[in-house]
Protein chains: 2
Amino acid sequence: MELPVVKRVAIIGIGLIGSSLARAAREYGAAGSVALYDGSADVRARAREIGLGDVYDDVSDCVRDADIVILATPVGVMGALVQTFASAMKADAILTDVGSVKKAVVDAALESVPDHIHFIPGHPIAGTEKSGPDAGFASLFRDRWCILTPATELADDAGQAALKRLSDFWTVIGSQVQVMDVERHDRVLAITSHLPHLIAFNIVGTAHDLESVDQGDVIKFSAGGFRDFTRIAASDPIMWRDVFLNNKDAVLEMLGRFNEDLAALQRAIRWGEGEQLRSFFERTRGIRQSIIDAGQDTDADNFGRDTKK
Amino acid sequence: MELPVVKRVAIIGIGLIGSSLARAAREYGAAGSVALYDGSADVRARAREIGLGDVYDDVSDCVRDADIVILATPVGVMGALVQTFASAMKADAILTDVGSVKKAVVDAALESVPDHIHFIPGHPIAGTEKSGPDAGFASLFRDRWCILTPATELADDAGQAALKRLSDFWTVIGSQVQVMDVERHDRVLAITSHLPHLIAFNIVGTAHDLESVDQGDVIKFSAGGFRDFTRIAASDPIMWRDVFLNNKDAVLEMLGRFNEDLAALQRAIRWGEGEQLRSFFERTRGIRQSIIDAGQDTDADNFGRDTKK
Ligand SMILES: NC(=O)c1ccc[n+]([C@@H]2O[C@H](COP(=O)([O-])OP(=O)(O)OC[C@H]3O[C@@H](n4cnc5c(N)ncnc54)[C@H](OP(=O)(O)O)[C@@H]3O)[C@@H](O)[C@H]2O)c1
Ligand SMILES: NC(=O)c1ccc[n+]([C@@H]2O[C@H](COP(=O)([O-])OP(=O)(O)OC[C@H]3O[C@@H](n4cnc5c(N)ncnc54)[C@H](OP(=O)(O)O)[C@@H]3O)[C@@H](O)[C@H]2O)c1
């Protein structure tokens with residue numbers, strides 16, 4: 001592949017994902033230059049300070065010369081944001097995003113996207129519990145998947161070439177690309193990401209509110225399992241509010257199934273049905289091994305975070 | 001503190017915890033020698049092979065000369081096991097355990113414990129998702145808490161000296177000791193360990209059973225959050241069956257609260273109540289920071305497992 005993949009990429013929203021993309025695009029040579037915009041003046045100032053790219057105070061100026069424009073804000077604002085700059089984008093440029101929900105973003109943005117632009121929504125399955133421009137790093141997307149959900153109109157040659165260009169961009173920064181439709185994306189992510197976050201936020205909230213147990217005890221004895229959930233529950237509240245508001249149907253469906261299964265476990269505990277508990281706990285082990293074999297997690301004890309000193 | 005703390009420790013059950021104790025007792029000089037017994041002949045053979053200590057084929061022979069006897073089997077068998085060897089223990093020796101549940105163990109074992117023995121139940125808040133004699137390592141208990149739940153009869157001088165001896169043993173292998181009563185232990189652990197495990201087993205089970213989502217997709221896109229839960233859900237099924245059967249009341253109480261809170265979140269999602277979601281997600285962040293400040297977790301992104309390569 002010839003580098004850089006594109007001359008210039010513009011990134012709107014300079015948080016964890018946006019700043020990681022800016023770093024990765026330059027470090028791995030995916031883009032010749034990086035244009036940046038963020039709604040917050042403080043974030044723009046910080047991005048200038050740490051030299052993430054050419055930072056603009058106006059979003060239309062930011063996107064004007066870009067071959068690829070990547071939205072990296074919370075999903076709730078993406079639709080309105082596209083309206084403000086789409087007409088400033090140059091012909092044959094690609095508009096994409098990194099939002100954790102796809103159907104709602106597509107529906108909100110689609111009517112503002114001019115015909116001369118290729119709209120190819122995306123979602124890198126990579127992240128951390130941190131936020132903001134200082135939290136990002138170039139290798140975030142390495143060995144991770146990036147899902148692209150192109151509209152069917154890409155069926156023409158120019159559309160296919162654009163899809164190839166965007167795939168190359170993600171490949172160069174270390175990801176594997178998978179194309180799928182928006183509905184499938186939203187269903188798969190509801191179980192692999194949105195429901196786990198909801199459950200984690202919830203159990204940390206339950207522990208927080210317990211009057212019958214000392215908060216100090218919850219902190220001290222968190223190594224029994226609870227601490228794993230607090231990492232996920234430390235993720236950005238605005239980002240996650242927007243995810244749940246915008247993937248309501250799939251999340252509620254998965255939550256319904258989760259609740260049914262939990263009711264069955266609750267009943268087995270109440271009635272002392274040991275064999276049912278054991279066989280339930282037995283069959284979940286295979287999934288972890290498959291995830292390790294697929295290179296999506298470490299096999300080190302406790303994720304390697306505190307063992308074998 | 002003069003080392004070794006005791007001349008000889010006996011450990012019954014040579015799995016993750018038992019084999020870690022054997023390694024730690026020798027490496028840090030907590031015991032002059034280590035006697036070992038396990039119900040499984042294969043495990044005994046393996047313990048001999050890797051040189052964990054003096055391995056016995058008879059449990060009474062194993063405990064005979066020990067100053068401290070530590071039960072490290074699943075909690076469900078502890079009561080019956082104590083009956084088989086308690087009379088072989090020497091006078092003034094300490095009988096303790098590492099079980100994740102305390103009240104049920106105490107109730108099941110107490111009547112078999114002879115008067116000349118100090119019975120001081122315990123629980124190290126340390127572990128991994130692995131099992132068996134090869135999974136253990138000496139530093140497992142370092143910087144972790146160990147809870148001791150002595151019976152009130154320890155109020156005499158000999159009892160207090162025994163408690164001091166057992167505390168010293170745990171301190172030498174790197175733990176901080178906290179004394180509390182059995183009811184408090186079982187309530188605190190229900191929220192910090194038992195409920196998190198139940199939830200993790202459950203969500204992995206829900207994902208496993210989904211016909212509407214490809215299993216391959218669950219594996220590939222697990223880095224969105226799901227993979228964190230699969231680690232905990234890979235823990236030993238027998239151990240966890242016994243925990244839920246033996247801490248039923250506290251687990252069902254915590255589960256009831258968890259379900260109430262989850263119903264409120266579900267309702268907020270259904271009715272699009274963004275502000276309620278955001279404020280709920282906001283208030284859970286402080287707990288993680290406290291856990292990091294207390295040295296009970298790492299602050300590295302994603303537990304440091306795959307970032308900043
Ligand atoms: N975090 C993850 O693990 C992860 C993984 C995959 C995908 N995603 C997706 O990536 C996107 C960004 O997430 P993130 O974790 O990078 O969030 P983040 O660190 O909070 O960054 C978001 C940035 O967007 C800015 N912003 C908000 N509204 C804006 C607007 N109207 N115009 C311009 N900038 C605006 C924010 O500024 P303020 O600070 O002033 O609000 C902030 O600097 C989200 O859509 C999320 O769903 C996240
Ligand atoms: N894992 C953790 O994270 C953790 C943390 C703190 C406390 N604990 C507690 O520590 C204890 C042991 O857990 P673990 O993780 O070390 O489990 P493990 O790795 O499965 O080891 C348990 C060992 O006990 C043996 N055993 C079972 N029944 C026995 C009997 N009647 N007599 C003698 N040996 C017997 C087992 O042999 P077989 O293989 O033949 O069954 C196995 O070798 C449990 O009570 C658990 O609640 C665990």
Side-chain angles (χ1 to χ4, degrees), chain A residues 125 128 137 139 145 187-188 191-193 196-197 201-202 204-207 213 217-230 232-234 237 240-241 244-245 248 257-258 261-262 265 269 272 274 277-278 281-282 284-285 287-288 290-291 294 296-298 301-303 305 308-309, chain B residues 125 128 130 137 139 144-145 188 191-193 196-197 201-202 204-207 213 217-228 230 232-234 237 240-241 244-245 248 257-258 261-262 265 269 272 274 277-278 281-282 284-285 287-288 290-291 294 296-298 301-303 305 308-309:
Chain A
I125 314 303
T128 77
F137 50 97
S139 63
W145 287 87
R187 230 168 34 237
V188 169
I191 186 71
T192 56
S193 178
H197 276 81
F201 279 120
N202 193 64
V204 178
T206 303
V213 169
D217 283 355
V218 172
I219 309 298
K220 271 188 198 167
F221 308 124
S222 59
F226 181 70
R227 60 179 178 162
D228 283 29
F229 291 72
T230 64
I232 288 189
W240 284 100
R241 175 201 64 192
F244 295 117
L245 293 180
K248 187 194 289 200
R257 287 164 180 268
F258 173 88
D261 294 343
L262 192 58
L265 275 183
I269 292 172
L277 291 172
R278 195 201 55 74
F281 299 162
E282 200 76 66
T284 58
R285 287 189 142 177
I287 290 190
R288 176 151 188 86
S290 307
I291 288 172
Q296 294 303 309
D297 208 346
T298 170
D301 306 355
N302 278 337
F303 305 123
R305 76 215 207 247
K308 297 177 181 163
K309 299 172 239 205
Chain B
I125 314 303
T128 77
K130 311 285 172 71
F137 51 97
S139 64
R144 292 286 161 268
W145 286 88
V188 169
I191 186 70
T192 57
S193 178
H197 276 81
F201 278 122
N202 193 64
V204 178
T206 303
V213 170
D217 283 355
V218 172
I219 309 298
K220 270 188 200 167
F221 308 123
S222 59
F226 181 70
R227 60 179 178 163
D228 282 29
T230 64
I232 288 189
W240 284 100
R241 175 200 64 192
F244 294 116
L245 293 179
K248 187 194 289 199
R257 288 164 178 267
F258 174 88
D261 294 343
L262 193 57
L265 276 183
I269 292 173
L277 291 172
R278 195 202 55 75
F281 299 161
E282 200 76 67
T284 57
R285 286 189 145 178
I287 290 191
R288 176 149 189 85
S290 308
I291 288 172
Q296 294 303 309
D297 207 346
T298 170
D301 305 355
N302 279 338
F303 305 123
R305 75 214 208 247
K308 298 179 181 162
K309 297 173 241 200

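Residue B:K130 touches chain A through its side chain alone, counting heavy-atom pairs closer than 4.5 Å.
For chain A, the option among B:P237, B:A233, B:G274 with the highest count of heavy-atom pairs below 4.5 Å is B:P237. Contacts with chain B were tallied for A:R288, A:R241, A:R278; A:R288 has the most, counting heavy-atom pairs under 4.5 Å. The most heavy-atom pairs under 4.5 Å with chain A, out of B:D217, B:L265, B:V204, come from B:D217. Contact count versus chain A (heavy atoms, under 4.5 Å) is highest, among B:T230, B:N202, B:L277, for B:N202.
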Q | Stepwise side chain to side chain contact (heavy atoms under 4.5 Å, CB included) test for B:T192 and A:S222 | A | CA-CA 5 Å; B:T192 57; A:S222 59; 5.5 Å; no
Q | Step-by-step side chain to side chain contact (heavy atoms under 4.5 Å, CB included) determination, B:T298 to A:F303 | A | CA-CA 11 Å; B:T298 170; A:F303 305 123; over 6 Å; no
Q) Would B:I287 and A:F226 satisfy side chain to side chain contact (heavy atoms under 4.5 Å, CB included), going step by step from the backbone distance to the final call? A) CA-CA 11 Å; B:I287 290 191; A:F226 181 70; 3.8 Å; yes
Q.
Please evaluate residues A:I232 and B:D228 with respect to the criterion side chain to side chain contact (heavy atoms under 4.5 Å, CB included), reporting the C-alpha separation (whole Å), side-chain torsions for both, the decisive distance (0.1 Å), and the verdict.
A. CA-CA 9 Å; A:I232 288 189; B:D228 282 29; 3.8 Å; yes
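A donor-acceptor distance shorter than 3.5 angstrom exists from the side chain of B:R227 to the backbone of A:Q296, with no hydrogens or angles considered. Judged by distance alone, with hydrogens and angles left aside, the side-chain atoms of A:R285 form a donor-acceptor pair with the main-chain N or O of B:A234 at under 3.5 Å.
The two residues A:G225 and B:P196 have their closest heavy-atom pair at C-CB, 4.1 Å. Residues A:G224 and B:I125 share a closest heavy-atom pair of N-CG2, 3.6 Å. Between B:D301 and A:F137 the shortest heavy-atom distance is OD2-CE2, 3.4 Å. When every heavy atom of A:I219 is checked against every heavy atom of B:A294, the shortest pair comes out as CG2-CB, 3.8 Å.
A distance of 14.0 Å separates NZ in A:K220 from CZ in B:R144, rounded to the nearest 0.5 Å. With rounding to the nearest 0.5 Å, the separation of CZ in B:R305 from OG1 in A:T128 is 11.0 Å. Within the model, atoms CZ of A:F281 and CH2 of B:W240 stand 9.0 Å from one another, a figure rounded to the nearest 0.5 Å.
Ring geometry, B:W145 versus A:F221: the interplanar angle exceeds 60°, so the pair is classed perpendicular (tilted spans 30 to 60°).
A donor-acceptor contact under 3.5 angstrom links the side chains of B:T206 and A:D261, judged on distance only.
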